[in-house]
Amino acid sequence: MTTVNQHDSTPSRDDSVRDDDANRFDFAAIQEKWMARWEETLPYATDELGDTRPRKYILDMFPYPSGDLHMGHAEAFAYGDIVARYWRLQGFNVLHPIGWDSFGLPAENAAIKRGIDPRGWTYDNIAQQKASFKRYGNSFDWSRELHTSDPEYYKWNQWLFLKLYEKGLAYRKDSWVNWDPVDQTVLANEQVLPDGTSERSGAVVVKKKLTQWYFKITDYADRLLDDLNQLEGSWPSKVLAMQRNWIGRSIGAEVDFVIEGHSKPVSVFTTRPDTLFGATFMVVAPDSDLAAELAAGSTAEVQKAFAAYLEQVQKSTEIERQDAGREKTGIPLDRWAINPVNGERIPVWAADYVLADYGHGAVMGVPAHDQRDLDFALKFGFEVRVVVDTNAPVTGALPVITPEMLESGEVPPLDPVTTGKALGGDGRLINSGPLDGLSKSNAIKRVIELLESAGTGRAAKTYRLRDWLISRQRYWGTPIPILHAEDGSLHPVPEDQLPVELPPTEGLDLKPKGASPLGAATDWVNVTLPDGSAARRDPDTMDTFVDSSWYFLRFLNPNDPDRAFDPADVEKWAPIDQYVGGVEHAILHLLYARFITKVLFDLGYISFTEPFSAVLNQGMVLMDGTKMSKSKGNLVEFASELNAHGADALRLTMAFAGPPEDDIDWADVSPAGSAKFLARAWRISGEVTSKPEVEWKGGEIALRRQTHHLLADAPGLMEAFKFNVVVARLMELVNAIRKAIDTGPGAGDPGVREAIEVVTVLLSMFAPHTAEEMWERLGYTGSVSAAGMRKPDATLLVEESVTAIVQVDGKVRDKLEVSPTISADELEKLARATAGFVRAVGDREIVNVIVRAPRVVNVATKG
RNA sequence: GCGGGAGUGGUGGAAUGGUAGACACGCAGGAUUUAGGUUCCUGUGCCGCAAGGCGUGUGGGUUCGAGCCCCACCUUCCGCACCA
């Protein structure tokens with residue numbers, strides 16, 4: 001079947017010809033042809049030597065190879081590719097690499113289920129995804145492909161780990177961790193969903209006390225937070241907000257309370273040190289070490305009650321704990337704390353509304369000014385002492401409040417006990433000795449000064465962000481390059497002995513059992529230190545988010561055996577100009593990558609502190625309003641869509657569906673409609689009878705204007721990610737060309753050739769196979785991707801005439817065709833003469849005339 | 001509760017404060033066709049025979065003019081949440 005002709009010399013509207021093979025748009029044949037061509041010519045390999053063009057680094061979040069690509073990939077990778085192709089057309093040297101995030105639990109779980117090696121499963125999936133990407137026409141530089149599960153890659157994870165270890169940023173600690181009882185491994189805080197279940201397995205996460213490796217991301221909390229300001233405008237505001245929220249910096253003070261009979265004072269963190277005189281009790285987290293110590297030093301009765309309470313708390317799930325309307329619980333410890341500012345003796349309780357891992361795991365209870373403390377005080381009968389008059393204005397004179405004003409509700413009563421509402425607002429301090437009369441913010445400053453001079457407190461910040469737990473008790477990950485000597489000392493594996501390769505799976509039971517399967521690989525785990533003593537390898541592997549925290553640097557020198565990346569190449573390409581991926585990585589991956597980038601900056605390897613200059617989050621692909629899933633029976637398969645409509649129609653559908661950030665409901669879009677448009681455009685490319693050398697100037701002027709307006713508008717639209725609008729404009733231009741051929745100057749008009757060539761060049765971003773084919777049919781031999789974006793001719797952008805609207809009282813009453821250079825007076829004169837104007841104004845009085853030549857005349861009337 | 005978005009035809013969506021609904025899907029009609037499909041053309045916000053009127057979640061405001069800016073509210077989606 002001859003589906004593709006260089007030159008269809010008989011453009012004809014005759015149906016007998018139209019139905020011929022040569023005039024039928026055979027997307028499958030076109031796709032095959034160009035796929036094979038690109039396989040030979042490798043047009044998207046980034047060749048460095050002597051290339052003086054400016055650079056762009058466009059990156060898609062690399063995929064996890066679980067099965068074939070799905071519709072979500074089809075969307076995200078279409079957008080990334082469109083952006084990459086756009087910058088290539090604009091004359092940039094574009095780096096657009098691809099790799100595989102190929103370590104991780106799904107491979108291991110699949111391996112266990114089927115009794116196979118996770119390697120085989122993973123690399124088979126990669127082969128499948130790779131083939132799909134090639135069919136999809138992604139303009140990747142395949143020569144830079146990387147796999148995080150290759151020793152050549154994970155060697156550098158280990159190198160990175162050692163660098164953090166040297167800097168004291170990788171450390172071991174014994175603490176309560178999130179334990180996934182199904183996957184039998186620990187999870188990072190970020191991997192526990194809000195409902196307390198595991199992001200991976202869905203199991204309810206439990207707490208377990210373990211010694212684990214951590215990265216000290218909290219050292220970078222301020223920088224991770226403050227540097228977000230630089231990204232304002234080029235990152236989605238939602239992602240910025242989520243990161244700020246996650247880091248969760250609170251500014252306030254630490255206050256030291258002496259506990260009677262306890263050697264060390266107990267510090268509490270508070271954002272409201274101004275309310276210190278209103279503290280009537282103290283609460284510690286029941287699962288904190290502090291609570292255990294305080295209980296241990298109390299009566300036998302308290303010890304027993306405490307043990308029972310602790311057990312009850314630990315049995316309750318995260319879901320129960322997070323029920324906001326839950327009644328407060330707690331028990332007295334029969335211990336007493338001394339308020340450092342007034343010497344008052346206040347009782348210490350344990351209650352689970354205080355969290356062990358935030359602040360110091362202890363709070364001062366100020367029931368009048370904190371809702372949680374108030375709820376607790378009302379239940380257990382603590383004094384509620386108002387120390388901020390929230391009715392008092394912060395500036396100016398104090399008001400006189402009469403009983404009538406309180407009665408009428410004009411002024412709310414300062415009575416939290418009766419209202420049940422804590423007084424959280426600003427006001428003036430009362431019942432607070434030296435702070436009386438001060439505003440909230442002044443009182444905070446003053447009380448910190450008093451505490452600091454007395455040595456019983458200080459200004460302090462605290463964060464919601466926790467250190468990053470990176471140990472995983474699983475096989476399919478990067479081994480942690482640390483040796484444990486028999487005396488318990490830690491010995492980093494020397495850099496020249498990296499990588500520490502994973503042992504083969506033969507003989508290993510990968511089934512989760514609470515400890516890493518690597519511990520059972522006797523030959524692998526037992527080693528000898530240089531002094532001849534015995535040691536064991538650390539059997540845990542790293543969180544795969546370590547792999548993805550720096551992979552964008554490895555793309556620059558993916559095959560360099562001597563270093564993770566070449567600083568000179570990093571200088572040339574990084575940071576990434578445009579990162580494209582799902583919002584599901586808004587916190588985890590992006591935060592970790594930002595952290596590691598800052599660490600590498602501090603280590604002197606790179607010169608920038610933010611890895612991603614701009615981020616685009618694509619929406620989701622839905623079906624009938626919901627997420628696709630096999631169980632719901634609404635799954636749309638990428639492969640079957642690709643077979644049915646072709647890569648170009650699919651890509652075009654993604655681009656045309658709407659703004660990239662919005663969800664696409666596959667039931668609402670029409671890949672068949674996209675294919676129809678492509679066929680329409682392709683058909684025109686075969687009908688054009690002029691030669692490539694033809695002089696544009698003689699072309700039909702209206703069509704030429706439309707062509708050049710599109711050239712003028714396209715860059716701005718593309719850079720604002722308004723792909724749908726660009727596609728709409730291409731459709732308009734194709735419709736105009738169709739009309740020009742059928743009922744205008746005909747297929748030989750130079751303007752027709754110019755227009756369809758511009759369509760072809762722009763279309764190459766969305767539908768690369770079709771565009772290449774059209775380019776060839778138009779008589780060119782090179783790739784359209786190298787054709788470059790044409791410049792609009794400024795003289796064609798000036799309109800010959802514009803439509804002016806005539807408004808009366810803001811309503812359109814008539815229209816005029818006028819010169820774009822018309823004067824205001826002239827326009828007003830013409831407007832007053834229009835029929836619509838005369839009819840609308842009637843005999844009413846004109847009170848105002850606004851003229852904005854050449855677009856609008858608006859007349860305001862009276863009566 | 002805190003934070004971030006979003007509300008425009010039957011549908012997806014356009015619209016530097018200046019003609020609301022570009023473009024497409026769907027639908028209707030026509031041409032071609034033995035027929036279907038394809039292709040091409042025309043129409044398609046709502047009410048109304050028409051003239052005309054009404055229309056961007058609701059109510060206010062600014063303006064000659066508001067889908068767009070400001071205030072209040074409603075609905076909805078997403079993220080976080082006993083974070084001291």
Side-chain angles (χ1 to χ4, degrees), chain A residues 13-16 18-19 23-25 194 236-246 248-250 252 268-273 275 283 285 321-326 328 351-355 357-366 369-373 375-376 424 462-465 583-584 586-587 653 656-659 661-674 676-677 679-680 683 716 722 724-735 738-739 742-743 803-815 847-852 855-861:
Chain A
R13 312 270 341 278
D14 186 288
D15 277 12
S16 63
R18 175 146 296 174
D19 264 8
N23 252 324
R24 184 178 296 137
F25 179 64
S237 56
K238 180 184 178 178
V239 174
L240 294 174
M242 283 168 74
Q243 294 228 348
R244 288 190 178 108
N245 204 307
W246 190 262
R249 180 166 64 197
S250 292
V268 303
F269 175 77
T270 177
T271 54
R272 293 293 305 275
T275 63
V283 186
R321 272 196 78 148
Q322 290 183 358
D323 180 0
R326 201 170 67 113
K328 292 276 182 292
D352 71 352
Y353 81 91
V354 175
L355 308 175
D357 62 354
Y358 186 76
H360 297 283
V363 302
M364 61 179 198
V366 185
H369 302 288
D370 182 279
Q371 189 62 45
R372 296 151 301 180
D373 293 344
D375 295 343
F376 193 70
T462 190
Y463 306 87
R464 214 186 81 99
L465 183 70
V583 73
E584 66 272 19
I587 296 171
T653 301
F656 187 52
E661 316 82 48
D662 289 4
D663 291 346
I664 298 174
D665 192 328
W666 205 245
D668 290 333
V669 297
S670 173
S674 300
K676 190 171 120 180
F677 165 69
R680 235 166 115 78
R683 212 171 292 121
K722 294 186 174 200
N724 56 331
V725 179
V726 175
V727 174
R729 297 284 297 274
L730 284 170
M731 289 172 168
E732 285 181 286
L733 188 51
V734 165
N735 290 343
R738 180 79 265 153
K739 203 162 260 170
D742 291 348
T743 58
T803 306
I805 53 163
V806 182
Q807 293 181 323
V808 177
D809 296 321
K811 287 185 176 147
V812 178
R813 296 301 180 186
D814 219 319
K815 296 171 193 178
V847 292
N848 194 6
V849 180
I850 306 288
V851 183
R852 292 282 178 274
R855 290 285 175 194
V856 68
V857 176
N858 190 12
V859 169
T861 66

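Hydrogens, waters and symmetry mates play no part in the numbers below; they use all other heavy atoms, side chains included. Here is how names work: the chains are called A, B, and so on, in the same order as the sequence lines, proteins then strands, and each is numbered from 1.
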Is there a side chain to side chain donor-acceptor pair (under 3.5 Å) between A/T271 and A/S250 once you walk through the steps?
CA-CA 7 Å; A/T271 54; A/S250 292; over 6 Å; no
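- Taking every side-chain heavy atom of A/D662 into account, B/rG13 is the closest of B/rG13, B/rA84, B/rA22.
- Taking atom C1' in both B/rU62 and B/rG26, the straight-line distance is 41 Å, to the nearest Å.
- As rounded to whole Å, 17 Å separates atom P of B/rU11 from atom CZ of A/F656.
- Distance A/D370 CG to B/rA81 C1': 14 Å, rounded to the nearest Å.
- With hydrogens and angles disregarded, a donor-acceptor distance shorter than 3.5 Å links the side chain of A/D809 to the backbone of A/T861.
- With A/N858 contributing its side chain and A/G810 its backbone, the two residues share a donor-acceptor pair below 3.5 Å.
- To the nearest angstrom, P of B/rC82 lies 15 Å from CD of A/Q371.
- Residue contacts for A/P236: at a heavy-atom cut-off of 4.0 Å it reaches no nucleic acid atom on any strand shown.
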Where protein sits on nucleotides 52-69 of chain B, one letter per nucleotide: B base, S sugar-phosphate only, - none, heavy atoms under 4.0 Å
SSS---------BS----
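- Across B/rC68 and B/rC77, the matching P atoms stand 24 Å from one another, rounded to whole Å.
- B/rC69 and B/rG7: their P atoms are spaced 11 Å apart (whole Å).
- The listed nucleotides are B/rG3, B/rG13, B/rC23; the one nearest the side chain of A/A241 is B/rG3.
- In this model, no donor atom of one side chain and acceptor atom of the other lie less than 3.5 Å apart for A/Y353 and A/D375.
- Taking atom P in both B/rG17 and B/rG61, one finds a spacing of 23 Å when rounded to whole Å.
- In this structure, A/I664 places its CD1 atom 13 Å from P of B/rG12, rounding to the nearest Å.
- Base-pair partner of B/rG10: B/rC25 (Watson-Crick or G-U wobble, both distances under 3.5 Å).
- With RNA chain B read from its 5' end, the first of the two nearest nucleotides for A/F269 and A/V669 is the one closest to A/V669.
- Atom P of B/rG79 sits at a distance of 42 Å from the matching atom of B/rU44, rounded to the whole Å.
- Rounded to whole Å, the distance from CZ on A/F677 to P on B/rU39 is 14 Å.
- Contact annotation: A/R244 does not reach the phosphate of B/rC80 (side-chain N/O to OP1 or OP2, under 4.0 Å).
- With a cut-off of 3.5 Å on both pairing distances, B/rA35 has no Watson-Crick or G-U wobble partner at all.
- A/K328 forms no cation-pi arrangement with A/F376, by the criterion of a distance under 6.0 Å to the ring centre and an angle within 45° of the ring axis.
- With a cut-off of 3.5 Å on both pairing distances, B/rC82 has no Watson-Crick or G-U wobble partner at all.
- No side-chain donor-acceptor contact under 3.5 Å links A/R464 and A/N245.
- Summarising the geometry, the separation between CZ on A/R729 and P on B/rA24 is reported as 13 Å, rounded to the nearest angstrom.
- With both pairing distances under 3.5 Å, B/rC69 is matched to B/rG61 as a Watson-Crick or G-U wobble pair.
- Comparing B/rA84, B/rA15, B/rC40 by their nearest atom to the side chain of A/R680 picks out B/rC40.
- Distances from the side chain of A/D668 to the nucleotides B/rC41, B/rG18, B/rG12 place B/rG12 closest.
- The side chain of A/V354 approaches B/rA84 more closely than any other nucleotide in the set B/rA24, B/rA84, B/rG13.
- Between A/S670 and B/rG12 there is no side-chain polar atom (N or O) within less than 4.0 angstrom of OP1 or OP2.
- When both pairing distances are held under 3.5 Å, B/rC54 makes a Watson-Crick or G-U pair with B/rG45.
- Here B/rG67 is in the anti range [glycosidic angle more than 90° from 0].
- With distances taken from any side-chain atom of A/K676 to the nucleotides B/rC82, B/rA84, B/rU39, the minimum falls on B/rU39.
- Straight-line distance between the C1' atoms of B/rU32 and B/rC40: roughly 8 Å, to the nearest whole Å.
- Taking atom P in both B/rG55 and B/rG9, one finds a spacing of 14 Å when rounded to whole Å.
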With side-chain contact (heavy atoms from CB on, under 4.5 Å) as the test, would you mind laying out the steps for A/R813 and A/V808 before giving the verdict?
CA-CA 6 Å; A/R813 296 301 180 186; A/V808 177; 3.8 Å; yes
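- Each of B/rA84, B/rG79, B/rG18 was ranked by its minimum atom distance to the side chain of A/M242; first place goes to B/rG79.
- Between A/K739 and the phosphate of B/rC40, there is no side-chain N or O to OP1/OP2 separation shorter than 4.0 Å.
- In this structure, A/K238 reaches the sugar-phosphate backbone alone: every heavy-atom distance under 4.0 Å involves primed, P, OP1 or OP2 atoms, never a base.
- At whole-Å resolution of the value, CD1 in A/I587 and P in B/rC78 are 15 Å apart.
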Given side-chain contact (heavy atoms from CB on, under 4.5 Å), test A/V857 with A/I850 step by step and report yes or no.
CA-CA 6 Å; A/V857 176; A/I850 306 288; over 6 Å; no
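- Residue A/N724 is the one, among A/G361 and A/N724, whose nearest nucleotide of RNA chain B lies closer to the 5' end (criterion: closest heavy atom).
- A donor-acceptor pair is defined here as one N or O able to donate and one able to accept, closer than 3.5 Å; no such pair exists between the side chain of A/N724 and the backbone of A/F656.
- Distance CG/A/D370 to CZ/A/R272: 9.0 Å, rounded to 0.5 Å.
- Taking the P atoms as reference points, B/rU42 lies 15 Å from B/rA22, given to the whole Å.
- Residue A/W246 contributes atom CH2, which lies 11 Å from atom C1' of B/rG79 at whole-angstrom precision.
- Of the candidates B/rU19, B/rG12, B/rA84, the closest approach to any side-chain atom of A/T803 belongs to B/rU19.
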